[in-house]
Number of protein chains: 2
Amino acid sequence: MGDEVQIFEDYLRKHSLHLTAPRETVLHAVFGTHEHFTADDLIAHLQRAGTPVSKATVYRTLSLLSECSLLIEHDFGQGKKYYEHASELQHHGHLYCSDCGRISEFYDPRLNALQDKIARQEGFEPVQFAVKIYGRCADCAAKRVRRDAGAIG
Amino acid sequence: MGDEVQIFEDYLRKHSLHLTAPRETVLHAVFGTHEHFTADDLIAHLQRAGTPVSKATVYRTLSLLSECSLLIEHDFGQGKKYYEHASELQHHGHLYCSDCGRISEFYDPRLNALQDKIARQEGFEPVQFAVKIYGRCADCAAKRVRRDAGAIG
DNA sequence: ACTGAGACTGAGACTGAGTCTCAGTCTGGC
DNA sequence: GCCAGACTGAGACTCAGTCTCAGTCTCAGT
Ligand SMILES: [Zn+2]
Ligand SMILES: [Zn+2]
Ligand SMILES: [Zn+2]
Ligand SMILES: [Zn+2]
(Lines give C-alpha, C1' and ligand atoms only; values in the text may rest on other atoms or scores of the structure.)
(Ligands and ions follow the chains in the order given, each with its own letter.)
Protein backbone atom coordinates (compact mmCIF):
# COMPACT_ATOMS: atom_id res chain seq x y z
CA MET A 1 0.00 0.00 0.00
CA GLY A 2 2.91 2.37 0.59
CA ASP A 3 3.99 1.69 -2.95
CA GLU A 4 0.69 2.82 -4.39
CA VAL A 5 0.79 6.09 -2.46
CA GLN A 6 4.30 6.70 -3.72
CA ILE A 7 3.41 6.01 -7.33
CA PHE A 8 0.32 8.17 -7.11
CA GLU A 9 2.22 11.06 -5.55
CA ASP A 10 4.88 10.84 -8.22
CA TYR A 11 2.26 10.84 -10.93
CA LEU A 12 0.48 13.83 -9.40
CA ARG A 13 3.68 15.79 -8.96
CA LYS A 14 4.68 15.13 -12.55
CA HIS A 15 1.39 16.73 -13.62
CA SER A 16 1.49 19.59 -11.08
CA LEU A 17 -1.40 18.09 -9.14
CA HIS A 18 -1.72 17.68 -5.39
CA LEU A 19 -2.49 14.78 -3.11
CA THR A 20 -5.43 16.43 -1.36
CA ALA A 21 -7.51 15.07 1.49
CA PRO A 22 -10.40 13.77 -0.67
CA ARG A 23 -7.94 12.07 -3.00
CA GLU A 24 -6.21 10.45 -0.08
CA THR A 25 -9.52 9.25 1.32
CA VAL A 26 -10.35 7.61 -2.00
CA LEU A 27 -6.85 6.16 -2.30
CA HIS A 28 -7.11 4.48 1.10
CA ALA A 29 -10.56 3.09 0.43
CA VAL A 30 -9.48 1.74 -2.95
CA PHE A 31 -6.39 -0.01 -1.68
CA GLY A 32 -8.07 -1.18 1.48
CA THR A 33 -10.02 -3.75 -0.50
CA HIS A 34 -9.05 -6.51 -2.89
CA GLU A 35 -12.38 -6.92 -4.56
CA HIS A 36 -13.69 -5.80 -7.90
CA PHE A 37 -15.72 -2.68 -7.17
CA THR A 38 -17.73 -0.05 -9.00
CA ALA A 39 -17.64 3.73 -8.56
CA ASP A 40 -20.99 3.52 -6.85
CA ASP A 41 -19.79 0.86 -4.43
CA LEU A 42 -16.96 3.17 -3.50
CA ILE A 43 -19.16 6.24 -3.06
CA ALA A 44 -21.54 4.29 -0.83
CA HIS A 45 -18.66 2.84 1.16
CA LEU A 46 -17.16 6.29 1.79
CA GLN A 47 -20.58 7.58 2.77
CA ARG A 48 -21.08 4.78 5.30
CA ALA A 49 -17.54 5.22 6.62
CA GLY A 50 -18.36 8.81 7.51
CA THR A 51 -15.82 10.18 5.03
CA PRO A 52 -18.03 11.14 2.11
CA VAL A 53 -16.44 12.32 -1.12
CA SER A 54 -18.51 13.78 -3.91
CA LYS A 55 -19.38 11.71 -6.94
CA ALA A 56 -17.42 14.04 -9.23
CA THR A 57 -14.27 13.75 -7.16
CA VAL A 58 -14.55 9.97 -6.86
CA TYR A 59 -14.85 9.63 -10.63
CA ARG A 60 -12.00 12.08 -11.18
CA THR A 61 -9.77 10.21 -8.77
CA LEU A 62 -10.60 6.84 -10.29
CA SER A 63 -9.62 8.24 -13.68
CA LEU A 64 -6.32 9.47 -12.29
CA LEU A 65 -5.63 6.09 -10.73
CA SER A 66 -6.38 4.36 -14.01
CA GLU A 67 -4.17 6.78 -15.91
CA CYS A 68 -1.19 6.01 -13.74
CA SER A 69 -1.89 2.28 -14.09
CA LEU A 70 -2.72 1.65 -10.45
CA LEU A 71 -6.22 0.55 -11.38
CA ILE A 72 -7.65 -1.41 -14.29
CA GLU A 73 -11.16 -0.99 -15.60
CA HIS A 74 -13.36 -3.93 -16.56
CA ASP A 75 -16.70 -4.11 -18.23
CA PHE A 76 -19.01 -7.07 -17.90
CA GLY A 77 -21.80 -5.63 -20.02
CA GLN A 78 -23.74 -4.27 -17.03
CA GLY A 79 -23.47 -0.68 -18.22
CA LYS A 80 -21.04 0.19 -15.47
CA LYS A 81 -17.33 -0.18 -14.93
CA TYR A 82 -15.63 -2.40 -12.40
CA TYR A 83 -12.22 -1.52 -11.03
CA GLU A 84 -9.48 -3.65 -9.57
CA HIS A 85 -5.86 -3.19 -8.51
CA ALA A 86 -3.45 -3.41 -11.39
CA SER A 87 -0.93 -4.96 -9.03
CA GLU A 88 -2.99 -8.13 -8.68
CA LEU A 89 -1.85 -10.93 -10.90
CA GLN A 90 -1.42 -9.34 -14.32
CA HIS A 91 -3.64 -10.20 -17.24
CA HIS A 92 -5.76 -12.74 -15.44
CA GLY A 93 -9.09 -13.76 -16.88
CA HIS A 94 -12.55 -13.45 -15.32
CA LEU A 95 -15.41 -15.83 -14.83
CA TYR A 96 -18.67 -13.91 -14.58
CA CYS A 97 -21.74 -15.73 -13.27
CA SER A 98 -24.78 -14.47 -15.17
CA ASP A 99 -27.06 -15.84 -12.44
CA CYS A 100 -25.60 -14.20 -9.32
CA GLY A 101 -23.09 -11.70 -10.70
CA ARG A 102 -20.18 -13.23 -8.83
CA ILE A 103 -16.79 -12.52 -10.39
CA SER A 104 -13.95 -14.97 -9.98
CA GLU A 105 -10.53 -15.11 -11.55
CA PHE A 106 -8.07 -17.47 -13.13
CA TYR A 107 -4.62 -17.22 -14.56
CA ASP A 108 -3.08 -19.27 -17.31
CA PRO A 109 0.10 -18.04 -18.99
CA ARG A 110 -0.65 -20.11 -22.09
CA LEU A 111 -3.73 -17.99 -22.68
CA ASN A 112 -1.70 -14.81 -22.64
CA ALA A 113 1.04 -16.19 -24.86
CA LEU A 114 -1.55 -17.35 -27.36
CA GLN A 115 -3.30 -13.97 -27.41
CA ASP A 116 -0.07 -12.10 -27.87
CA LYS A 117 0.89 -14.33 -30.78
CA ILE A 118 -2.51 -14.02 -32.45
CA ALA A 119 -2.57 -10.23 -32.12
CA ARG A 120 0.89 -9.80 -33.60
CA GLN A 121 0.05 -12.12 -36.47
CA GLU A 122 -2.70 -9.66 -37.37
CA GLY A 123 -0.30 -6.73 -37.20
CA PHE A 124 -2.05 -5.61 -34.03
CA GLU A 125 -0.10 -4.09 -31.18
CA PRO A 126 -1.70 -5.45 -27.99
CA VAL A 127 -1.88 -3.33 -24.85
CA GLN A 128 -4.31 -5.27 -22.70
CA PHE A 129 -5.95 -8.67 -22.83
CA ALA A 130 -9.43 -9.28 -21.52
CA VAL A 131 -10.71 -12.82 -21.33
CA LYS A 132 -14.19 -13.13 -19.91
CA ILE A 133 -16.09 -16.34 -19.59
CA TYR A 134 -19.81 -15.94 -18.98
CA GLY A 135 -21.84 -18.76 -17.54
CA ARG A 136 -22.82 -20.19 -14.18
CA CYS A 137 -20.65 -20.57 -11.12
CA ALA A 138 -20.55 -23.91 -9.32
CA ASP A 139 -23.17 -22.81 -6.77
CA CYS A 140 -25.65 -21.51 -9.30
CA ALA A 141 -25.15 -24.53 -11.55
CA ALA A 142 -25.98 -26.77 -8.57
CA LYS A 143 -29.03 -24.66 -7.74
CA ARG A 144 -30.26 -25.07 -11.32
CA VAL A 145 -29.82 -28.83 -11.24
CA ARG A 146 -31.79 -29.01 -8.00
CA ARG A 147 -34.52 -26.73 -9.32
CA ASP A 148 -34.84 -28.60 -12.59
CA ALA A 149 -34.96 -31.93 -10.77
CA GLY A 150 -37.72 -30.50 -8.55
CA ALA A 151 -39.68 -29.36 -11.58
CA ILE A 152 -39.58 -32.84 -13.06
CA GLY A 153 -40.11 -34.87 -9.86
CA MET B 1 -31.05 -14.96 -44.49
CA GLY B 2 -34.09 -17.19 -45.02
CA ASP B 3 -32.88 -19.28 -42.12
CA GLU B 4 -32.89 -16.37 -39.73
CA VAL B 5 -36.45 -15.42 -40.67
CA GLN B 6 -37.52 -19.01 -40.10
CA ILE B 7 -35.83 -19.26 -36.72
CA PHE B 8 -37.24 -15.92 -35.62
CA GLU B 9 -40.77 -16.85 -36.72
CA ASP B 10 -40.54 -20.15 -34.87
CA TYR B 11 -39.34 -18.39 -31.75
CA LEU B 12 -42.12 -15.82 -31.96
CA ARG B 13 -44.80 -18.43 -32.54
CA LYS B 14 -43.56 -20.45 -29.59
CA HIS B 15 -44.10 -17.37 -27.41
CA SER B 16 -47.42 -16.33 -29.02
CA LEU B 17 -45.80 -13.30 -30.59
CA HIS B 18 -46.17 -12.05 -34.15
CA LEU B 19 -43.78 -11.15 -36.92
CA THR B 20 -45.09 -7.63 -37.43
CA ALA B 21 -44.01 -5.08 -40.00
CA PRO B 22 -41.66 -3.13 -37.70
CA ARG B 23 -40.05 -6.38 -36.55
CA GLU B 24 -39.57 -7.48 -40.12
CA THR B 25 -38.02 -4.12 -41.01
CA VAL B 26 -35.53 -4.50 -38.17
CA LEU B 27 -34.85 -8.11 -39.08
CA HIS B 28 -33.98 -7.21 -42.67
CA ALA B 29 -31.75 -4.33 -41.66
CA VAL B 30 -29.94 -6.47 -39.12
CA PHE B 31 -29.26 -9.35 -41.48
CA GLY B 32 -28.50 -7.07 -44.38
CA THR B 33 -25.16 -6.15 -42.81
CA HIS B 34 -22.22 -8.16 -41.55
CA GLU B 35 -20.70 -5.50 -39.35
CA HIS B 36 -20.73 -4.99 -35.63
CA PHE B 37 -23.40 -2.37 -34.99
CA THR B 38 -25.06 -0.55 -32.10
CA ALA B 39 -28.75 0.06 -31.49
CA ASP B 40 -28.20 3.68 -32.39
CA ASP B 41 -26.49 2.79 -35.67
CA LEU B 42 -29.52 0.70 -36.54
CA ILE B 43 -32.05 3.37 -35.60
CA ALA B 44 -30.19 5.95 -37.71
CA HIS B 45 -29.92 3.53 -40.60
CA LEU B 46 -33.65 2.81 -40.58
CA GLN B 47 -34.36 6.52 -40.38
CA ARG B 48 -32.17 7.26 -43.41
CA ALA B 49 -33.65 4.32 -45.31
CA GLY B 50 -37.10 5.88 -44.97
CA THR B 51 -38.38 3.00 -42.83
CA PRO B 52 -38.14 4.46 -39.33
CA VAL B 53 -38.85 2.26 -36.34
CA SER B 54 -39.14 3.69 -32.86
CA LYS B 55 -36.31 3.39 -30.39
CA ALA B 56 -38.43 1.27 -28.05
CA THR B 57 -39.32 -1.21 -30.77
CA VAL B 58 -35.74 -1.45 -32.03
CA TYR B 59 -34.50 -2.24 -28.54
CA ARG B 60 -37.31 -4.71 -27.98
CA THR B 61 -36.58 -6.47 -31.25
CA LEU B 62 -32.84 -6.61 -30.58
CA SER B 63 -33.63 -8.26 -27.25
CA LEU B 64 -35.82 -10.82 -28.94
CA LEU B 65 -33.13 -11.59 -31.50
CA SER B 66 -30.58 -12.02 -28.73
CA GLU B 67 -32.93 -14.27 -26.78
CA CYS B 68 -33.36 -16.62 -29.70
CA SER B 69 -29.59 -16.63 -30.25
CA LEU B 70 -29.65 -14.95 -33.63
CA LEU B 71 -27.61 -12.05 -32.29
CA ILE B 72 -24.79 -11.77 -29.80
CA GLU B 73 -24.10 -8.73 -27.66
CA HIS B 74 -20.63 -7.37 -27.09
CA ASP B 75 -19.33 -4.67 -24.83
CA PHE B 76 -16.08 -2.87 -25.44
CA GLY B 77 -16.34 -0.56 -22.45
CA GLN B 78 -17.86 2.31 -24.45
CA GLY B 79 -21.04 2.31 -22.41
CA LYS B 80 -23.06 0.86 -25.27
CA LYS B 81 -23.66 -2.57 -26.70
CA TYR B 82 -22.50 -3.85 -30.05
CA TYR B 83 -24.41 -6.58 -31.85
CA GLU B 84 -23.34 -9.12 -34.42
CA HIS B 85 -24.80 -12.20 -36.07
CA ALA B 86 -24.47 -15.29 -33.98
CA SER B 87 -24.14 -17.30 -37.17
CA GLU B 88 -20.74 -15.76 -37.95
CA LEU B 89 -17.86 -17.92 -36.90
CA GLN B 90 -18.70 -18.97 -33.35
CA HIS B 91 -16.74 -17.79 -30.36
CA HIS B 92 -14.26 -15.71 -32.27
CA GLY B 93 -12.21 -13.11 -30.47
CA HIS B 94 -12.07 -9.36 -31.07
CA LEU B 95 -9.27 -6.89 -31.54
CA TYR B 96 -10.38 -3.42 -30.51
CA CYS B 97 -8.25 -0.46 -31.56
CA SER B 98 -8.32 2.11 -28.77
CA ASP B 99 -7.11 4.79 -31.21
CA CYS B 100 -9.70 4.53 -33.97
CA GLY B 101 -12.35 2.19 -32.56
CA ARG B 102 -11.98 -0.30 -35.38
CA ILE B 103 -13.09 -3.82 -34.49
CA SER B 104 -11.50 -6.81 -36.17
CA GLU B 105 -11.81 -10.50 -35.50
CA PHE B 106 -9.78 -13.65 -35.22
CA TYR B 107 -10.49 -17.26 -34.59
CA ASP B 108 -8.30 -19.84 -32.93
CA PRO B 109 -9.82 -23.11 -31.73
CA ARG B 110 -6.99 -23.60 -29.23
CA LEU B 111 -8.16 -20.49 -27.41
CA ASN B 112 -11.66 -21.88 -27.03
CA ALA B 113 -10.48 -25.30 -25.95
CA LEU B 114 -8.24 -23.73 -23.35
CA GLN B 115 -11.01 -21.52 -21.98
CA ASP B 116 -13.43 -24.39 -21.76
CA LYS B 117 -10.90 -26.47 -19.87
CA ILE B 118 -10.04 -23.66 -17.46
CA ALA B 119 -13.68 -22.90 -16.72
CA ARG B 120 -14.55 -26.50 -15.99
CA GLN B 121 -11.52 -26.89 -13.76
CA GLU B 122 -13.02 -24.12 -11.62
CA GLY B 123 -16.37 -25.85 -11.52
CA PHE B 124 -17.74 -23.14 -13.77
CA GLU B 125 -20.28 -23.94 -16.46
CA PRO B 126 -19.32 -21.78 -19.45
CA VAL B 127 -21.98 -20.39 -21.76
CA GLN B 128 -20.07 -17.82 -23.76
CA PHE B 129 -16.44 -16.87 -24.21
CA ALA B 130 -15.35 -13.31 -24.81
CA VAL B 131 -11.75 -12.63 -25.68
CA LYS B 132 -10.98 -8.99 -26.31
CA ILE B 133 -7.56 -7.64 -27.08
CA TYR B 134 -7.22 -3.88 -26.70
CA GLY B 135 -4.39 -2.04 -28.37
CA ARG B 136 -3.58 -0.44 -31.72
CA CYS B 137 -4.41 -1.71 -35.16
CA ALA B 138 -1.67 -1.87 -37.79
CA ASP B 139 -2.68 1.50 -39.30
CA CYS B 140 -2.77 3.36 -36.01
CA ALA B 141 0.48 1.77 -34.87
CA ALA B 142 2.14 2.99 -38.08
CA LYS B 143 0.65 6.46 -37.59
CA ARG B 144 2.11 6.58 -34.09
CA VAL B 145 5.54 5.57 -35.29
CA ARG B 146 5.46 8.30 -37.93
CA ARG B 147 4.23 10.90 -35.47
CA ASP B 148 6.79 9.98 -32.83
CA ALA B 149 9.57 10.05 -35.43
CA GLY B 150 8.39 13.51 -36.48
CA ALA B 151 8.42 14.73 -32.90
CA ILE B 152 12.00 13.63 -32.48
CA GLY B 153 13.40 14.65 -35.91
C1' DA C 1 -68.43 -9.69 -39.90
C1' DC C 2 -68.17 -8.76 -34.44
C1' DT C 3 -65.91 -9.07 -30.23
C1' DG C 4 -62.63 -9.41 -26.58
C1' DA C 5 -58.09 -10.81 -24.91
C1' DG C 6 -53.99 -9.70 -25.41
C1' DA C 7 -50.06 -8.50 -28.40
C1' DC C 8 -47.90 -4.26 -30.58
C1' DT C 9 -46.51 0.38 -31.33
C1' DG C 10 -44.47 5.13 -30.84
C1' DA C 11 -43.99 9.18 -27.99
C1' DG C 12 -41.95 10.54 -24.48
C1' DA C 13 -41.06 10.14 -19.43
C1' DC C 14 -37.77 7.94 -16.79
C1' DT C 15 -33.33 5.71 -14.94
C1' DG C 16 -28.67 5.31 -13.85
C1' DA C 17 -23.74 5.70 -14.92
C1' DG C 18 -20.79 8.92 -15.93
C1' DT C 19 -19.38 13.90 -17.35
C1' DC C 20 -19.38 18.84 -17.17
C1' DT C 21 -19.96 23.49 -15.20
C1' DC C 22 -19.39 26.83 -12.06
C1' DA C 23 -18.81 29.50 -8.03
C1' DG C 24 -16.32 29.30 -4.07
C1' DT C 25 -12.02 27.37 -1.67
C1' DC C 26 -7.36 25.88 -1.07
C1' DT C 27 -2.26 25.61 -2.28
C1' DG C 28 2.24 26.96 -3.02
C1' DG C 29 5.52 30.04 -5.05
C1' DC C 30 6.68 34.86 -5.13
C1' DG D 1 -0.25 38.66 1.69
C1' DC D 2 -1.10 37.91 -3.35
C1' DC D 3 -2.02 35.46 -7.40
C1' DA D 4 -2.35 31.79 -10.76
C1' DG D 5 -4.03 27.87 -11.03
C1' DA D 6 -5.47 23.53 -8.89
C1' DC D 7 -9.51 21.53 -6.23
C1' DT D 8 -14.08 20.74 -4.55
C1' DG D 9 -19.18 19.64 -4.19
C1' DA D 10 -23.73 20.56 -5.91
C1' DG D 11 -26.28 19.82 -9.30
C1' DA D 12 -27.21 20.29 -14.31
C1' DC D 13 -26.40 17.57 -18.12
C1' DT D 14 -25.62 13.56 -21.50
C1' DC D 15 -26.58 9.38 -23.40
C1' DA D 16 -27.81 4.41 -23.70
C1' DG D 17 -31.27 1.91 -22.46
C1' DT D 18 -35.96 0.93 -20.08
C1' DC D 19 -40.64 1.74 -18.90
C1' DT D 20 -45.40 3.56 -19.31
C1' DC D 21 -49.42 4.34 -21.44
C1' DA D 22 -53.00 5.27 -24.58
C1' DG D 23 -54.30 4.01 -28.91
C1' DT D 24 -54.00 0.25 -32.58
C1' DC D 25 -53.84 -4.23 -34.55
C1' DT D 26 -54.48 -9.45 -34.68
C1' DC D 27 -56.71 -13.46 -34.30
C1' DA D 28 -59.43 -17.13 -32.39
C1' DG D 29 -64.04 -17.94 -31.16
C1' DT D 30 -68.55 -17.02 -32.37
ZN1 LIG E 1 -23.51 -17.70 -9.46
ZN1 LIG F 1 -9.78 -9.48 -11.56
ZN1 LIG G 1 -6.82 1.93 -35.30
ZN1 LIG H 1 -17.31 -10.32 -34.11
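Chain letters run A, B, ... following the sequence lines, proteins first, then strands; residues in each count from 1.
By the 4.5 Å heavy-atom criterion applied to side chains, A:Val127 and B:Ile133 are not counted as neighbours. For the pair B:His74 and B:Tyr83, the minimum side-chain heavy-atom distance is 4.5 Å or more.
Using a 4.0 Å heavy-atom criterion, one finds that B:Thr38 contacts no nucleic acid atom at all.
Judged by distance alone, the side chains of B:Glu35 and B:His85 never bring a donor and an acceptor atom under 3.5 Å apart. Judged purely by distance below 3.5 Å, without hydrogens or angles, the side chains of B:Gln115 and B:His91 never pair a donor atom with an acceptor atom. Under 3.5 Å, the side chains of A:Tyr11 and A:Glu67 contain a donor-acceptor pair of N or O atoms. A donor-acceptor contact closer than 3.5 angstrom links the side chains of A:Ser54 and A:Thr57.
Look at CD on A:Glu9: it is 15 Å from C1' on C:dT27, rounded to the nearest Å. Rounded to an integer number of Å, the gap from NZ of B:Lys14 to C1' of C:dA7 is 19 Å. Distance NE2 (B:His15) to C1' (C:dG6): 16 Å, rounded to an integer number of Å. Atoms CZ (B:Phe37) and P (D:dG17) sit 12 Å apart, rounded to a whole Å. To the nearest angstrom, P of C:dA17 lies 18 Å from CD of B:Gln78. Rounded to whole Å, atom P of D:dA6 lies 16 Å from atom CG of A:Leu19. Separating the CG atom of B:Asp40 from the P atom of D:dT14 is a distance of 15 Å, rounded to the nearest angstrom. Rounded to whole angstrom, the span from the CG atom of A:Leu42 across to the P atom of C:dG18 amounts to 12 Å.
One donor-acceptor pair, N or O on each side, does fall under 3.5 Å between the base of C:dG18 and the side chain of A:Lys55. Judged by distance alone, with hydrogens and angles left aside, A:Lys80 brings no side-chain donor or acceptor close enough to the base of C:dG16 to form a pair under 3.5 Å.
In this entry D:dT30 has C:dA1 as its Watson-Crick or G-U wobble partner, both defining distances falling under 3.5 Å. Pairing for D:dT8 is with C:dA23, a Watson-Crick or G-U wobble pair whose two hydrogen-bonding atom distances lie under 3.5 Å.
Picking from C:dA13, D:dC7, C:dT19 the nucleotide with the shortest atom distance to the side chain of A:Tyr59 gives C:dT19. Set against D:dA6, D:dG9, C:dA11, the side chain of A:Leu17 has D:dA6 as its closest nucleotide. Of the candidate nucleotides C:dG18, D:dG17, C:dT9, D:dG17 has the atom lying nearest to any side-chain atom of B:Ala39.
For B:Arg60 and C:dC8, the shortest distance from a side-chain N or O to OP1 or OP2 is not below 4.0 Å. Applying the 4.0 Å criterion to OP1 and OP2 of C:dC8, one finds that B:Thr20 has every side-chain N and O outside that range. Contact annotation: A:Ser54 does not reach the phosphate of D:dA10 (side-chain N/O to OP1 or OP2, under 4.0 Å).
Toward the 5′ end of DNA chain D lies the nearest nucleotide of A:His18, the other residue of the pair A:His18 and B:Ser63 mapping further downstream. The residue among B:Ala56 and A:Pro22 whose nearest nucleotide of DNA chain D is located toward the 5' end is A:Pro22. Along DNA chain C, the nucleotide nearest to B:Ser16 and the one nearest to B:Val58 differ in position, and the one closer to the 5' end is contacted by B:Ser16.
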